[in-house]
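Encoded as structure tokens, the structure appears first; notes follow it.
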Amino acid sequence: MLNELEKIYNPIENEDKIYKKWEESGFFNPDNLKLSKDAKSYTIILPPPNITAKLHIGHSAMLAIEDLLVRYHRLVGERTLWLPGTDHAAIATQSVVEKKILAESGKTRHDLGRAKFLEEVWKFVNETQATILHQTKKMGSSMDWSRLTFTLDEQRRKAVQAMFIDMYREGVIYRGERIVNWCPRCHSTLADDEVEYKEQKAKLYTFKYDKNFPISISTTRPETKLGDVAVAVNSKDKRYQEYIGKEYNVNFCGQKLLIRIISDYNVESEFGTGALGVTPAHSMVDWQMAIANQLPIIKVIDEDALIKDGYGAYSGLSVDKAREMIVAELNKKGLMEKEEEITNNLSVCYRCNTPIEPLLSKQWFISVDKKLERLGNKSLKEKALEAAEKRDIEFLPERFNKSFKDWMANLHDWCISRQIWFGHELPVWYKGEDVYVGESAPQGVDWIKDQDTLDTWFSSGMWTFSTLGWPDNFKNGVKIGDLAKFHPTQVLETGYEILTLWVSRMIMMSFFALNEIPFEKVYLHGTILDKNGKKMSKSKGNGVDPMEVIEKYGTDALRLSLLMGSTPGNDSRYNEEVIETKRNFINKLWNISRFILGSVSEESLNQDYKICPDGKTLADNWILSEMNELVSKVSKNLDNYEFSFAADELNDFTWNKLADWYLEIAKIEKDKDSILVYLLKNLLILWHPFIPYVTETIWQSTNQDLLMVASWPKSSNAKKNANNFNILQEVVTAIRNARSLNKIEPSQKLKAVIYGHNSLDLLNSQKENIKNLKTGLSEIEIFEKGDKIDKAITAVVSNIEIYLIGEIDEAKEKERLTKEAANLEKLILLQETKLNNQDFVGRAPESIVNAEKEKLANYKTELLKISNSLKSL
RNA sequence: GGGCUCGUAGCUCAGUUGGUUAGAGCGCUACGUUGACAUCGUAGAGGUCUGCAGUUCGAGUCUGCACGAGCCCACCA
């Protein structure tokens with residue numbers, strides 16, 4: 001029994017206790033669930049949060065959605081696994097630790113040395129990891145902690161090494177030279193999607209290499225022109241057509257260059273002079289042109305953004321300094337034609353904002369285009385595209401299917417090596433020019449291990465199967481153990497911003513390793529913006545700490561606010577008032593439960609909640625049929641990932657049907673114990689995936705077993721009992737309404753004059769209810785039509801006229817009725833016009849036309865009643 | 001340049017294949033608080049669904065254009 005004194009639900013007091021109970025039960029682990037033999041599996045692998053991060057509101061939304069899904073499927077009786085893990089986030093973590101060490105001791109990672117530095121990183125990781133895990137639990141997440149993983153733990157290391165070696169043997173991983181985004185400060189390459197663009201003012205210089213060269217070129221970076229090998233023009237540009245294919249020897253600021261004139265569709269005739277100096281070693285597009293035209297590649301800039309040796313006075317200078325000198329030189333020689341201010345986008349490192357230097361470098365790549373025998377002679381890209389195309393993987397919302405395919409189709413080879421220390425090591429060994437790929441060094445001396453680490457997306461790309469025991473659980477092409485039980489997973493739930501970054505990589509990796517999809521569905525939630533619709537960020541300080549929200553309103557209120565009123569893929573705004581109303585709702589549910597549990601008999605509490613009791617009265621049958629319908633709607637909505645609809649239905653039933661009507665009637669009509677208990681228990685089960693703590697707390701007050709493993713109710717096929725409860729509702733509402741408008745004293749008498757054969761018996765049977773349902777009237781009389789009524793206020797509903805007898809504010813009543821009559825006349829006119837329209841009557845479905853006719857008739861009847869009432873005033 | 005989302009009540013948002021008089025919560029107004037709940041109840045006011053044009057018997061919903069807000073991708077030599 002609930003403590004009588006607890007009028008208000010106290011989340012803080014109950015949440016930790018309940019979570020402990022769940023954890024100790026062992027039911028987070030699907031191996032401990034009591035399942036039927038043919039139970040399906042339902043698996044979600046948690047998108048691993050960054051170990052350095054604290055939980056933010058976006059995580060909370062993710063956890064709320066995933067926990068909802070997992071709890072629902074567990075209640076339905078499926079073999080449900082939610083597998084937790086954390087991400088080592090190589091670059092982010094290393095950067096945080098570097099900053100920390102620098103602040104504490106003024107040392108850089110190079111001062112410490114690799115081994116000592118990594119020791120520091122691991123110390124940090126072990127400290128911070130606990131925070132995010134603890135906060136994850138606070139959200140009520142029902143994850144199987146016995147299967148907890150980390151992207152950089154021993155088992156994942158094994159998986160990554162195996163994957164790399166296998167991919168290398170298949171020729172998917174290769175070592176090659178190409179332009180990479182190089183951050184001179186981090187001393188690391190960045191993936192294309194780690195590069196950010198910043199708008200800046202820059203100078204665009206227009207000049208010729210030397211006097212004998214026929215074409216002027218424009219550039220913002222004259223210093224790179226030391227490595228030019230060609231000038232590219234658009235093939236359609238008439239100005240330059242005669243030059244295409246010709247070669248010129250030029251002397252550019254003391255550097256001898258051989259420049260060929262080529263054509264390329266990437267060149268825009270309108271920009272600058274319409275001619276582009278091609279610098280293959282320091283620009284991605286230029287590099288592609290050089291490869292296509294088999295041009296040499298000349299490096300000018302080194303890893304520290306300084307000019308390389310062999311460029312005379314320029315060597316050793318920073319790019320900015322070299323630019324100044326070259327500009328001066330061009331001016332001196334009279335080659336400079338124009339200097340103009342333009343705004344362009346500067347590529348900068350997403351971590352440290354340092355301008356990116358595109359450099360040619362030896363890196364490891366994954367080929368997305370290599371055809372693989374094991375994939376039926378298709379490439380990873382083709383398999384991923386096919387999965388989306390054939391809907392083997394479904395996207396929610398659907399529009400992301402197209403975004404995904406567009407992005408995938410344009411995907412280039414993926415650079416996977418990173419020049420940082422914290423991360424997965426490459427199983428690669430060098431001896432001079434020899435390269436060996438394998439778990440340990442080959443025979444012989446002088447083999448040196450590759451110093452790079454892998455892009456973190458390499459290990460997170462393997463996340464769905466590395467967490468389930470691959471490669472140990474994959475023997476001779478057959479899945480065993482957890483991998484067989486839980487892969488492919490059912491849904492990947494994540495933010496749309498990493499659709500391309502992560503989702504695409506998981507799909508490719510899974511195809512390579514297992515030749516199957518990693519998940520059946522991708523559910524993408526939107527971003528939570530701040531109150532003003534801006535993105536939350538540390539720098540703006542507009543973030544919301546979920547732990548503070550939980551402290552103030554409870555976890556359930558936070559979860560419910562994140563689950564309701566939002567649609568997949570669309571951003572929503574954080575609004576504290578919304579959380580407050582959810583807290584109020586939870587308290588309402590608490591009090592509904594308190595009322596029911598406090599008023600029913602002990603033995604009714606022990607009845608089997610799966611058996612639906614028989615209804616005796618109009619209200620009983622109504623609420624039971626509403627409950628039956630609720631079960632079917634909520635189940636359907638949850639199956640379709642429509643959480644908000646499901647919660648709306650539940651909210652409407654709980655507050656507007658159960659609390660406002662049925663419980664009020666239960667105070668009047670007695671002997672409803674078994675129905676009340678049945679309603680409450682099933683309602684708690686239905687609500688549990690949304691608000692697990694409060695529902696379990698209530699459940700625990702009367703049950704030995706756990707709500708989290710109760711049985712989800714089934715809706716019977718019985719048709720909705722078409723009863724007349726809505727007439728009772730209408731009459732009561734009309735009386736309340738009229739009473740409120742005319743300020744009728746509670747003590748005054750009510751007379752209802754009824755015509756229409758059904759309603760008379762009905763209202764007679766509901767006399768007590770009408771009187772006591774907050775109509776504020778002490779007496780009620782029901783008459784046949786024809787009785788004489790004085791001083792009456794009229795309400796008209798359905799087929800019933802109600803006269804409330806008492807003192808009337810005649811002017812006010814007249815005004816109200818006149819207004820209503822005017823409205824009705826307008827509607828009648830509209831309706832008549834519509835029905836006179838031959839097109840409508842001739843072409844609209846008959847059911848619609850009939851409905852319109854009936855509507856017109858109803859309006860006319862009501863208007864007649866109102867005009868009669870007006871006359872009697 | 002290519003693509004996407006959004007514009008509905010004062011605010012935050014729903015609106016599920018086009019079909020009754022477009023909904024909810026908060027806020028506002030009036031009244032109330034009777035033993036589950038003041039984190040409460042009853043009722044009310046408040047909308048030319050951004051604009052224009054089109055398709056249709058019928059458009060918040062579909063199409064085109066315009067305006068406004070925001071996001072993503074590519075390029076920026």
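Just so we're on the same page: letters track the sequence lines, and every chain starts at 1.
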Using a heavy-atom cut-off of under 4.0 Å over every strand shown, decide if [X] touches base, sugar-phosphate, or nothing.
{"X": "A:R736", "answer": "sugar-phosphate"}
{"X": "A:D406", "answer": "nothing"}
{"X": "A:T581", "answer": "sugar-phosphate"}
{"X": "A:E664", "answer": "base"}
{"X": "A:A851", "answer": "nothing"}
{"X": "A:A275", "answer": "nothing"}

Between [X] and [Y], ring centroids under 6.0 Å:
{"X": "A:Y523", "Y": "A:F643", "value": "yes"}
{"X": "A:F395", "Y": "A:F400", "value": "no"}
{"X": "A:W407", "Y": "A:F404", "value": "no"}

Rounded to whole Å, please give me the gap between [atom1] in [X] and [atom2] in [N].
{"X": "A:Y574", "N": "B:rC11", "atom1": "OH", "atom2": "P", "answer": "21 Å"}
{"X": "A:F400", "N": "B:rG3", "atom1": "CZ", "atom2": "C1'", "answer": "12 Å"}
{"X": "A:F840", "N": "B:rC57", "atom1": "CZ", "atom2": "P", "answer": "12 Å"}

Q) Would you call A:F645 stacked on B:rU16, i.e. ring centres under 5.5 Å apart with the planes less than 30° off parallel? A)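 So yes, this residue stacks on that base, both cut-offs being met.
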Q.
With a 3.5 Å limit on both atom pairs, tell me what B:rC71 is paired to, counting Watson-Crick and G-U wobble, or say none.
A. B:rG3
Among [options], the nucleotide that comes nearest once only the side chain of [X] is considered:
{"X": "A:T220", "options": "B:rA36, B:rC40, B:rA77", "value": "B:rA77"}
{"X": "A:T567", "options": "B:rA36, B:rA43, B:rA14", "value": "B:rA14"}
{"X": "A:K535", "options": "B:rU34, B:rA36, B:rC72", "value": "B:rC72"}
{"X": "A:K667", "options": "B:rA36, B:rC71, B:rG70", "value": "B:rA36"}

Q | Base of B:rU12 paired with side chain of A:R573 (donor-acceptor, under 3.5 Å) | A | no
Q) Is the base of B:rC37 touched by the side chain of A:K7 through a donor-acceptor pair closer than 3.5 angstrom? A)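 When only heavy-atom distances are counted, A:K7 does not reach the base of B:rC37 through any donor-acceptor pair under 3.5 Å.
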(Q) Looking at A:K203, I want to see if its NZ is surrounded by more than 12 non-hydrogen atoms of other residues, nucleotides or ligands under 6.0 Å. (A)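 Incorrect, the count does not exceed 12.
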